[in-house]
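Each remark here refers to the structure printed beneath this line.
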Number of protein chains: 2
Amino acid sequence: MNRGKALHGTVGPSFARGAHDHTVCLEEAVQRAEALCEQRGVRLTKQRRDVLEIVWSGHRPLGAYDILAVLVQEQGRKPQPPTVYRALEFLQDQGLVHRVESLNAFVGCPLPGERHSCQLLLCRACGDSAEMVDPEAVESLKRSAGTAGFEVEKVTVELKGLCPRCASDRAGAGA
Amino acid sequence: MNRGKALHGTVGPSFARGAHDHTVCLEEAVQRAEALCEQRGVRLTKQRRDVLEIVWSGHRPLGAYDILAVLVQEQGRKPQPPTVYRALEFLQDQGLVHRVESLNAFVGCPLPGERHSCQLLLCRACGDSAEMVDPEAVESLKRSAGTAGFEVEKVTVELKGLCPRCASDRAGAGA
DNA sequence: TTGCTTTTGTTATATCGTTGCATCTATAAC
DNA sequence: GTTATAGATGCAACGATATAACAAAAGCAA
């Protein structure tokens, strides 16, 4: 878990730490979600939990229709797009998942409950993502915008590039 | 024009400066585009120039289908989506327009030719946008990502909130 | 002119997201 | 327990965004 961790640098089980036990990773995410929803008096229904688990099945952002496909595969019923989008909306409102604007996709948030604007690292090679917290950058952005008279409400930062693994693979291949 | 201007703070005819002569603004943008394309030996065809002018008809990001609608309205012919997307792709490659990821829309770049990652200010009330340059923030982001072993190739920053005009309108309304 | 490359036209289709309304389910008041 | 209510889900249709594949045309150079 990340509770009590200083909010600077990469957070969550990002590719920065290499391999990890994803079963545990997923379990902890669901437990955090349960605790938060309980605490806030909102309902983490089966649909919502299912969608959360699918999003958390990896660290690669998933499209709404990817999620839908998994739901269809896993269950007898045949949910429609609104089902998925509604669940995602709830999860976003609760800060449990982030929307990745540049991919039209969704990814689990390793820091639910903490008020933060997230900075996402997106690997263009393997598709994996990680969340990073850089308060200085965010402060600088807000300051610059403020100088221009702009009142910032939401900060979206997405960095595209190569994750450590893919970068070294590329280097190793002689590129 | 912005040539020679220090690359820090808002750039272009943003809402930071209030009203401006947009006819001149558009003309200069097209002239910059022509000069750049000439210099690079690429072709700013009629289609591409038309799309550029439509994008630059205001400072509000336009969707591809908005642009398409204007093309249909202005011309006898009836272009199809690929026409617009191809023109937009060209203009993006040449750094003449930016894609606004969080809006699935496109907006003219006031700094073509300069190598920069753009930080966009997006007003949620009036829809207008402005471009800002904050090298410190970008450096900080790259540094943070680098610490995690991530090789940054592209930095996307979009700030949503209220532009000066809309912010003061709101305040004036007693809100 | 001829041949080649680049651009545009055209049709169809893929992908992403929402509206509107009916139905069901959990919760609470009685 | 029954019933009223709000919240959640099911469902059908649709709207918005984006691309694939191939044909035709336009620019350019030998």
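These numbers come from the heavy atoms of this one structure, side chains and all, not from hydrogens, waters or symmetry mates. So that the names make sense, note that chain A is the first sequence line, chain B the second, and so on, each numbered from 1.
Scanning for salt bridge (charged side-chain N to carboxylate O under 4.0 Å, His left out) contacts around A/Glu27 gives an empty result, with sequence neighbours left out. Among residues two or more places apart in sequence or in another chain, the ring pair (Phe, Tyr, Trp, His ring centres under 6.0 Å) test is passed with A/Phe150 by B/Phe15. For A/Glu139, the salt bridge (charged side-chain N to carboxylate O under 4.0 Å, His left out) test picks out no residue, with sequence neighbours left out.
Taking atom CD of B/Glu89 as the reference point, atom C1' of C/dT7 lies 12 Å away to the nearest angstrom. When rounded to the nearest whole Å, the span between CZ of A/Arg43 and C1' of C/dA28 equals 13 Å.
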Next item on the list: If a protein heavy atom is under 4.0 Å from the base, mark B; if only from the sugar-phosphate, S; if neither, -; do that for nucleotides 9-20 of chain C going 5' to 3'.
Entry: BBB----BBBBB
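Across all their heavy atoms, A/Cys166 and A/Cys126 have their closest contact at SG-CB, 3.6 Å.
Counting only residues at least two apart or on different chains, the salt bridge (charged side-chain N to carboxylate O under 4.0 Å, His left out) pairs with a member in residues 101-111 of chain A are A/Arg99-A/Glu101. Pairs engaging residues 79-92 of chain A under the side chain to side chain donor-acceptor pair (under 3.5 Å) rule: none recorded [sequence neighbours left out]. Within the structure, salt bridge (charged side-chain N to carboxylate O under 4.0 Å, His left out) contacts touching residues 150-162 of chain B (residues at least two apart or in different chains) are A/Arg124-B/Glu153. Every pair passing salt bridge (charged side-chain N to carboxylate O under 4.0 Å, His left out) that includes a residue from residues 68-85 of chain B is listed here, sequence neighbours excluded: B/Asp50-B/Arg77.
Heavy-atom contacts of chain B under 4.0 Å fall on DNA chain D between two terminal nucleotides, which in 5' to 3' order are D/dT17 to D/dG27.
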